[in-house]
S.K.: 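Handing you a structure now.
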Amino acid sequence: DFKDDPEGKCGSSAKYGLFEKQLTLLEEAEGGFDQFTRSYKSYGVQRMPDNSLVFKEWAPAAEALFLTGDFNGWDNFSHRYSKKDFGKWELHIHPKEDKTPAVAHNSKLKVVVHTRAGERLYRISPWAKYVTRHEKSVIYDWVHWDPPQPYIVSDYFPPAPRILIFGKDLLISAALFTVIHPGYNCIQLMAIMEHAYYASFGYQVTSFFAASSRYGTPEELKELIDVAHSLGIIVLLDVVHSHASKNTEDGLNSFDGSDSCFFHSGPCGEHSLWDSRLFNYSGWEVLRFLLSNLRWWMEEYRFDGFRFDGVTSMLYHHHGIGSGFSGDYTEYFGLHVDEDSLVYLMLANHILHTLYQDCITIAEDVSGMPTLCRPVQEGGLGFDYRLAMAIPDKWIQILKEFKDEDWNMGNIVYTMTNRRYGEKCIAYAESHDQALVGDKTLAFWLMDKDMYTNMSALIPMNSVIDRGIQLHKMIRLLTHGLGGEGYLNFMGNEFGHPEWLDFPRVGNNESYHYARRQFNLGWLAAPPAYISAKHEGDKVIVFERANVIFIFNFHPTNSYSNYRVALGPPGKYKIKLDSDEIQYGGHGRLDHNTEFFTEPMEFNNLPNSILYINNKISLMLKM
């Protein structure tokens, strides 16, 4: 149905045709996507019922493959893979005399790849489920994970919420108990897929099927998700299928000795800004690997869905580098669009939503690609939500470049509401991008060094802290109320956490000191807001959503008495939320016993009420 976006019909129809063709090929060649996406049950290492082990890899450019490890005293030649069709290799190892597996749980392994050029390379299986790094080593080791008493995952899944109120976090079990009380119903876990370079924040993935060993074992991650489910919290994985680390010994790069294998060869296979490798989404075995990877996280760990990182880079051959997106349809349809990755994303969403009815997928796309969040059967890419990435950028720009009296109410409202009708957005005021070293959190932009000396409850607030606290609350409430159909927060930022995040690196002497955070509302499910005021001189924004009246006065000094605000249904309104309450760091200037009665005087096409609004305050009124 393209009635809301008619110009996208032609391009979307073409996309759908390519998607249908790929789906038909899967049916013909693999018997359908169900078995194809369960390839993690046949690739890598599998223990058979008799405790024999089967190893399987895809290495089309290799001359020979061997397995070495603790089990054979690191003999590089004793266990040779047999070559199969289509670049596949297999090795069968019988159990030991006592009928136990020849390769013990928690023992180390390597694939030895002999290239056609005569090189001998040591590699980790792309399907490795657990990898670790010795404290003094740079390279990760493949560890065979087959615990004798694996964690048994519960079959309970929380029902999919109508709205998402969620926080991004690293894998910290304490996070579960910090999100229940504020009313979050969803957690997005970041940096879970194993990444050798810690300071990459998890975005330079080296082992796609391995949960990062920095935080614990695979069984402990399963337990964490299980406990979250028992508390009614759904858990999303920040999945990185847009690119991969360039690492060779402990990554996918040059697994078989070639520069292609999983990636495009030559310049097409490299991301110039990220210094990483780019997947060849037209490759059959690449599709097997990536689609099975999604299925693995859903089945093995019981994640409830994914936030897809770097979607803009996937959508276009230029990867968004040096490209500004104005919204013109020529920017979204043409030879610069990567059809192979479009089809991959359509396949991924189609398979996930077919197999898992309540699965949630979110796209990180800054370009505004039309139909990104429309169903695949409509010719869309099938995502449930897109991140409203322009909103945090707008707040940072305002705080960097404008005095309070120069804030443009119309521009703020435009940024909050600039989204395609019928495509749901996740709004957020800031995320991990603002919390990393090199940038500042909103609290830092607002209050800077005064936070360290003037935030005690034992002394009066100075003007910097007073302004910062009031605007910090207002920015979040306005973003929450007007910005989308879900709300995202990064752990700690809900209370204006001042510190940045920094990961161990040479520049900070490998310190973990800053590699941590120190420590439900219904309108998100409602239709878009009706905005009745965005007054530049008064610095006032008023809108109605879900029968709640939101009033914001951003003026740095002016309070208004007898200020006329347009309201909908006639009746009596009372204050439901007041950012100026003392418990929120305000001044307590409003009497919450006050009742506001509408007058039958037309204003902005609605009945209206007379209100007094203090400066730097936000109010919510409800009948």
S.K.: Does Q583, at its CD atom, have more than 12 non-hydrogen atoms belonging to other residues, nucleotides or ligands within less than 6.0 Å?
M.R.: yes
S.K.: Please enumerate all residues that pass ring pair (Phe, Tyr, Trp, His ring centres under 6.0 Å) together with Y281, with sequence neighbours excluded.
M.R.: Y344
S.K.: Suppose we screen for side chain to side chain donor-acceptor pair (under 3.5 Å). Which residues come up paired with R545, at least two apart in sequence or across chains?
M.R.: none
S.K.: Who passes side chain to side chain donor-acceptor pair (under 3.5 Å) against S242, sequence neighbours left out?
M.R.: none
S.K.: Which residues satisfy the side chain to side chain contact (heavy atoms under 4.5 Å, CB included) test with D580, sequence neighbours excluded?
M.R.: Q470, D578, H587, R589, I617
S.K.: What residues form a salt bridge (charged side-chain N to carboxylate O under 4.0 Å, His left out) with K403, not counting sequence neighbours?
M.R.: none
S.K.: Could you tell me which residues satisfy ring pair (Phe, Tyr, Trp, His ring centres under 6.0 Å) with Y316, sequence neighbours excluded, listed by chain and number?
M.R.: H318, F325
S.K.: For D226, give me all partners under side chain to side chain contact (heavy atoms under 4.5 Å, CB included), at least two apart in sequence or on another chain.
M.R.: Y151, V153, S154
S.K.: Can you list every pair that meets ring pair (Phe, Tyr, Trp, His ring centres under 6.0 Å) and has a residue in residues 391-417, with sequence neighbours left out?
M.R.: W407-F554
S.K.: Please name all residues satisfying side chain to side chain contact (heavy atoms under 4.5 Å, CB included) with P569, sequence neighbours left out, ordered by chain then number.
M.R.: Y573, M623
S.K.: Under the rule for side chain to side chain donor-acceptor pair (under 3.5 Å), what residues qualify as partners of E544, not counting sequence neighbours?
M.R.: none
S.K.: Applying side chain to side chain donor-acceptor pair (under 3.5 Å), name anything that partners T415, two or more places apart in sequence or on another chain.
M.R.: none
S.K.: With sequence neighbours excluded, what pairs up with S276 under the side chain to side chain contact (heavy atoms under 4.5 Å, CB included) test?
M.R.: Q204, H243, H271, W274
